[in-house]
Amino acid sequence: MSLAQQRGGTLTVGLSYDIDTLNVYSTGYLGDVQATVAEGLLAPNEKAKYVPVLATTVPTIKNGGIKVAADNKSMVITYKLRPNVKWSDGQPFTSADVKFTWDAVKDPKFIAESKDGTEDIASIDTPNPLTVVVNYKRVAPDFASTLFTFGILPKHTLEGKDLNTDNYNQMPLGTGPFKVTQYVKGQYVVLERNPYYWRKDKAGVQLPYLDKMIFKIIPDSNTLVTQLKSGEIQMATSVPYSQVPQLASQSGLSIVKNPVLSWQHLDFNLKGPAAFRDVNVRKAFAYALDKSTVSKALGGYPVPINTVVVPVFSYSNKNVPKYPYDLAKAKQLLDAAGYKPGADGIRVKDGVRMSYNIMVQAGRSTDEDAEQVIIAQMKALGVELKPDNKSGVAFRDARYKGGYDLFYSGWITSADPSYSVFFGSKGPNNGQGYSNPKIDALLATADSTLDPTVRTKALRDFQTLLMQDLPSIPVATNPSIIVVTDKLGGFVSNPTNMTNFVNTSGWYLKK
């Protein structure tokens, strides 16, 4: 295939959610569109290994990029930046932009979805335009999965601006292969080739190959499928399992199964119903939940799991306490805890019925289908669950603040996750109010060592303890289903929270 054939064309992608902002640090969703515009110093590839992007190498102890202090309480990371990189307005990208990104994201006035990594840094030095020296207050093994991976912010257009209200949130400026030329909220985003993009292919041709990408916002999964069939969109990255059979037979489309670094979980709000503070009640729920039935209801795609650390990671613990489906055992636990079936079959203790709200993200049909299975299984135990599903900002608020009794959803992690964000007493994603000082200590160890043996032991012990406490029931790891036109070349799926759009520059449409 000649290079001339590869260049040009427009790829239209269907997004199953409405975008809240195009600022990668503010969005409550995965930054699909943002990943085509904003680039970080590093990024995870399809094998969940970090590779250099705006930096020339991934810093390690071996290559001298990481220096740990003699007392093992701090470290210094030096990034060498790629020369001749420009922003999409033609201005040069320098070390000043990296330092500005840290300053801007950590600013208390800026309302960010995540400020992970900002508080670990004491200061940043920029000895020259292509060198960044990051002085860490602690040894931070997760440095690659936090701040500078999601994207660098342009100092020359954002300095002195209010990042909460600036036009950057609608029309972000980046060093990535594409630039936003039009954004109509709730409808679509149009991206065009960044004329200053730094990356070239092996033949020296400037990337990206595509002229344009259009992201259409299509929250209704039936409409998404219809538009994939008609060719109005050529790609969708989170197609509901129930829709796969009708797309599999469609000529011109390919189905890609992406083994995402995610786990589905059923969380108890420990600040909510008193019953959930009894570990035996939580264990009863676990024994009454048949994970294989949940998987079957979703086309058999989800893989049941017994721990929150997905099996792809070497420190996933196979020897955690397990709760195989056993309805009789579940009933015995509730009987012993004093919850007896009432006249209507729903269990009661001290006049309080075991009737609770369960929340999933409204419109996520895969989660809504799983929710129905869980409701039926808990009814067999004598527990009434009523759907209280939310979307948009209401869902996000409830998720992070604990506005639910029970919550079924999924977390997707980076290639190098920190579990303290989910299960640490002060974890930003710990809306359920779980707190265990022993777990905090184990996670603090895991989050502050570069020694793989020490880290593995801490993380395995954490999983054992978590599954004894059971604040959250891990249900399955769910692959995502990507449907894409056969004409798209150069596409490889990405299993991390950096999304499938983290490297779009080499994608091309076959003529």
Side-chain angles (χ1 to χ4, degrees), residues 40-44 48-52 55-81 95 98-99 101-103 105-106 114-127 131-150 261 307-309 312-317 413-430 435-466 496:
L41 302 184
L42 313 170
K49 296 278 183 280
Y50 285 97
V51 294
T56 55
T57 51
V58 176
T60 61
I61 290 176
K62 199 173 176 184
N63 66 21
I66 301 178
K67 291 197 161 54
V68 176
D71 64 3
N72 208 32
K73 288 191 174 154
S74 63
M75 69 180 190
V76 178
I77 295 185
T78 302
Y79 290 100
K80 293 290 181 192
L81 303 183
S95 57
V98 181
K99 184 178 190 306
T101 301
W102 173 58
D103 286 329
V105 177
K106 79 177 167 78
S114 169
K115 299 198 178 205
D116 282 358
T118 55
E119 66 290 343
D120 297 330
I121 297 168
S123 63
I124 293 181
D125 304 316
T126 51
T131 306
V132 180
V133 181
V134 188
N135 303 298
Y136 278 83
K137 298 175 197 169
R138 68 176 183 94
V139 176
D142 60 342
F143 75 92
S145 64
T146 55
L147 189 61
F148 302 125
T149 297
F150 286 95
L261 303 180
T307 174
V308 298
V309 178
V312 76
F313 293 124
S314 59
Y315 46 82
S316 181
N317 189 345
T413 75
S414 69
D416 193 9
S418 164
Y419 293 92
S420 55
V421 300
F422 306 108
F423 302 107
S425 296
K426 293 185 178 147
N429 298 355
N430 179 1
S435 179
N436 180 332
K438 286 183 182 163
I439 288 232
D440 289 345
L442 287 166
L443 292 176
T445 299
D447 286 348
S448 61
T449 179
L450 293 168
D451 181 330
T453 313
V454 174
R455 195 160 182 234
T456 295
K457 184 178 187 319
L459 286 169
R460 286 192 176 158
D461 290 350
F462 142 72
Q463 292 166 72
T464 300
L465 203 50
L466 189 77
T496 75

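None of these values were measured; they are calculated from a predicted model. The chain is numbered in sequence order, starting from 1.
- Legend: residues meeting salt bridge (Lys or Arg N to Asp or Glu O under 4.0 Å) with Asp116, ordered by chain and number and at least two apart, are absent.
- Checked by atom type and distance alone, the side chain of Arg455 pairs as donor or acceptor with a backbone atom of Ala446 at under 3.5 Å.
- In this structure a side-chain-to-backbone donor-acceptor pair under 3.5 Å is missing from Gln463 to Thr307.
- At distances below 3.5 Å, not a single donor-acceptor pair connects side-chain atoms of Lys80 with backbone N or O atoms of Thr57.
- Every residue two or more places apart in sequence or in another chain was checked for a side chain to side chain donor-acceptor pair (under 3.5 Å) with Lys106, and none qualifies.
- Atoms CG and CG, on Leu459 and Leu443 in that order, are 7.0 Å from each other to the nearest 0.5 Å.
- When atom types are taken as modelled, the side chain of Asp120 and the backbone of Arg138 share no donor-acceptor pair closer than 3.5 angstrom.
- Every residue two or more places apart in sequence or in another chain that forms a side-chain contact (heavy atoms from CB on, under 4.5 Å) with Pro127 is listed here: Asp125, Thr131, Val133.
- Expressed to the nearest 0.5 Å, how far CZ of Phe423 lies from CD1 of Ile439 amounts to 8.0 Å.
- Distance alone, capped at 3.5 Å, is enough to place a donor-acceptor pair between the Asp440 side chain and the Ser425 backbone.
- Shown here are the salt bridge (Lys or Arg N to Asp or Glu O under 4.0 Å) partners of Asp461, two or more places apart in sequence or in another chain: Lys457.
- In this structure, Leu261 and Ser414 approach most closely via the heavy-atom pair CD1-O, 3.4 Å.
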Ile121 and Phe148: side-chain contact (heavy atoms from CB on, under 4.5 Å), yes or no, with the steps? CA-CA 12 Å; Ile121 297 168; Phe148 302 125; 4.1 Å; yes
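- With values rounded to the nearest 0.5 angstrom, Ile77 atom CD1 is found 4.5 Å from Ile66 atom CD1.
- Note that OG1 of Thr56 is 7.5 Å distant from CG of Leu81, once rounded to the nearest 0.5 Å.
- Here the side chain of Ser316 pairs a donor or acceptor atom with the backbone of Val309 at under 3.5 angstrom.
- Between the side chain of Thr449 and the main chain of Thr445, no donor-acceptor pair closer than 3.5 Å is present.
- With sequence neighbours left out, the side chain to side chain donor-acceptor pair (under 3.5 Å) criterion links Ser418 to Ser420, Asp447.
- Between Asn317 and Arg460, the shortest heavy-atom contact is ND2-O, 3.0 Å.
- Minimum interatomic distance between Val68 and Met75 (heavy atoms only, all atoms of both residues): CA-CB, 4.1 Å.
- Taken to the nearest 0.5 Å, the CG atom of Leu147 stands 7.0 Å off from the CD1 atom of Ile124.
- We find the OG-NZ distance between Ser448 and Lys137 to be 15.0 Å, quoted to the nearest 0.5 Å.
- Of all the heavy atoms in Val139 and Ser74, the pair that sits closest is CG2-O, 3.8 Å.
- Under the 3.5 Å distance criterion, with hydrogens and angles disregarded, no donor-acceptor pair is assigned to the side chains of Ser145 and Asp142.
- Taking all atoms of both residues into account, the shortest heavy-atom contact from Tyr79 to Pro59 is CE2-CG, 3.5 Å.
- Using cut-offs of 30° and 60° on the angle between ring planes, the pair Phe143 and Tyr136 is perpendicular.
- Annotation for Ala415 and Phe313: closest pair O-CE2, 3.5 Å, computed over non-hydrogen atoms.
- Note on ring orientation: taking the six-membered ring where Trp is involved, the planes of Tyr419 and Phe422 are tilted (angle from 30° to 60°).
- Each salt bridge (Lys or Arg N to Asp or Glu O under 4.0 Å) pair with one or both residues in residues 61-71, not counting sequence neighbours, would appear here, but there are none.
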side-chain contact (heavy atoms from CB on, under 4.5 Å) for Trp102 and Val134? Distances and angles first, verdict last. CA-CA 10 Å; Trp102 173 58; Val134 188; over 6 Å; no
